[in-house]
There are 2 protein chains.
Amino acid sequence: MPKDRAPTRIQKKNRAAILEAALNVFSAHGFRGATVDQIAAEAGLSKPNLLYYFPSKEAIHTELLSGLLDTWLAPLHDLDEDGDPMEEILAYIQRKLQMSQELPRESRLFANELVQGAPRIHEALSNDLKELVDDKVTTLTRWMDQGKIARVHPYHLMFSIWALTQHYADFEVQVRAILGEEDPFEGADPFVDTLYRKLLTP
Amino acid sequence: MPKDRAPTRIQKKNRAAILEAALNVFSAHGFRGATVDQIAAEAGLSKPNLLYYFPSKEAIHTELLSGLLDTWLAPLHDLDEDGDPMEEILAYIQRKLQMSQELPRESRLFANELVQGAPRIHEALSNDLKELVDDKVTTLTRWMDQGKIARVHPYHLMFSIWALTQHYADFEVQVRAILGEEDPFEGADPFVDTLYRKLLTP
DNA sequence: TCTTGATTTGACCATCTGGTCAAACTCACG
DNA sequence: CGTGAGTTTGACCAGATGGTCAAATCAAGA
């Protein structure tokens, strides 16, 4: 394993290649379905070489998840209490939809983990995520109190946004099977925009 | 393997026990994450004994999925062109939500399969499911043409219903992590009802 | 160039896993 | 009962898989 110094050029390149490969493999097959050999092959390394950079399969997975959590939660972080309520929420939804389109692997990585009970990120959910959501729910509630948006259950509002936007990435095969050749995201944006505009208009 | 006659008392009991156990294990760990030993143990059988009733792990999985597909699609089947549009749709949504609550294992079984690209039910999606959805979309479109419900993209409407209702089962850990002690389904029903009533009111 | 730490790998290992098989056991029925 | 079909299991196997290790190779600074 590399020493505890500044990472060399090679270390940087290989660790990045491994994480990139791991994202592909884990998001497509889940933790258990992914094999170290597969990740190594995709990263262009031999298995022992891969294990020279990460101590175990689990370590790669953990680093991937924790490294991506910030990215994943950034849009919600950006929800600004001082902005225009309706525009803030619709912008959040649009960013989430865009992430589903542009980062489907990341979405499926989390989806895989969650649907199997989140054995490896349960803590992050109950702490970081809950804290962030609770905070933003306060904002939403305040907006409702001020009559800026319609009063709905704020937590379920949040869940619905996640469900709707991530559905396109997580269940992409199903969406594609039904839409055929058509671009899955064609029309999604106006649809969710209308949906939440109608829901939240006081 | 049992002969091709009428199933004996023991065959009925054991096959049922195996499928029940398999539903638990597959829905919790996905196909690859599940082991035959685990299923056998949960069914109260030895592994060779389990494999006396089913030729392989894959066969159990296949039978589970195809056996549950009808159950899973029944609510959509029931959407009645001759009923009251708004009530029909809201009833469909409510039934889906109820299934998410009462049959979370089934929901996660399909979710697991879908998020990993549906390698084993791709055909059913492109045929049975697509056909059913296309048919119901025709109904929805007709209702929109008649001005009975607001005009929205009918396929995205369908996706949104699935996403929203199944979210509670598929990502139950996340919902629980955020809501804490509170019952995840508390308030979900009125929320989705309001959501779709507002969206679809012309 | 030489040296030393960084990097890479072939060979190997223990364990897990899906599946097989022959032998043993059980049950229903004549 | 006795018997043959139905049921169960211990022992076993081959391949996959996560991980180890010593030896070989490489890279960069003195």
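One interatomic measurement links the two molecules: CD1 of A/Ile10 to P of D/dC26, which rounds to 11 Å at whole-angstrom precision. Between the C1' atom of D/dG18 and the CZ atom of A/Phe26 lies a distance of 12 Å, rounded to the nearest Å. Spacing between atom NE2 of A/His61 and atom P of D/dG19 amounts to 13 Å, rounded to whole angstrom units. We find that CG of A/Leu45 is positioned 16 Å from C1' of D/dG19, with the value rounded to whole Å. Between the CD1 atom of B/Ile18 and the P atom of D/dT8 there is a distance of 9 Å, given to the nearest Å. In this structure, the CD1 atom of A/Ile60 is 15 Å from the P atom of D/dT17, given to the nearest Å. Between the CZ atom of A/Phe54 and the P atom of C/dT8 there is a distance of 13 Å, rounded to whole Å. In this structure, A/Asp37 places its CG atom 9 Å from C1' of D/dG18, rounding to the nearest Å.
A/Ala34 comes within 4.0 angstrom of sugar-phosphate atoms only, judged by non-hydrogen atoms across all strands, and of no base.
Counting only N and O atoms by type, the side chains of A/Arg32 and B/His29 include no donor and acceptor under 3.5 Å apart. There is no side-chain donor-acceptor pair under 3.5 Å between B/Asp193 and B/Gln94. With 3.5 Å as the limit, one finds a donor-acceptor pair spanning the side chains of A/Glu81 and A/Thr139. A side-chain donor from one of B/Tyr196 and B/Ser160 sits under 3.5 Å from a side-chain acceptor of the other. No side-chain N or O of A/Asp80 forms a donor-acceptor pair with one of A/Tyr92 less than 3.5 Å apart.
The side chain of B/Tyr52 places an N or O atom within less than 4.0 Å of a non-bridging phosphate oxygen (OP1 or OP2) of D/dT7. Dashed line: the shortest gap from a side-chain N or O of B/Gln11 to OP1 or OP2 of D/dT7 is under 4.0 Å. Between A/Ser46 and the phosphate of C/dT8, there is no side-chain N or O to OP1/OP2 separation shorter than 4.0 Å. Regarding contacts with the backbone of C/dC27, every side-chain N or O of B/Arg9 stays at 4.0 angstrom or more from both OP1 and OP2. Listed pair A/Thr8 / D/dA27 fails the phosphate criterion, with no side-chain N or O lying under 4.0 Å from OP1 or OP2. Contact annotation: A/Asn14 does not reach the phosphate of C/dA6 (side-chain N/O to OP1 or OP2, under 4.0 Å). The side chain of A/Asn49 places an N or O atom within less than 4.0 Å of a non-bridging phosphate oxygen (OP1 or OP2) of C/dT9. Contact annotation: B/Arg32 side-chain N/O to D/dT17 OP1/OP2 distance is under 4.0 Å.
Checking C/dT9, D/dT7, D/dG19 against every side-chain atom of A/Ser56, the shortest atom distance belongs to D/dG19. Proximity note for B/Pro48 (side chain, C-beta onward) versus D/dT7, C/dT17, D/dA11: the nearest is D/dA11. When distances are taken from the side chain of A/Leu51 to each of D/dT17, D/dG19, C/dG19, the shortest belongs to D/dG19.
If you look at A/His153 and B/Phe191, their ring centroids are not closer than 6.0 Å.
Donor-acceptor pairing under 3.5 Å, judged by distance alone, is present between the side chain of B/Lys47 and the base of C/dG19.
Positionally, the nearest nucleotide of DNA chain D for A/Thr35 lies more toward the 5' end than for the other of A/Pro55 and A/Thr35.
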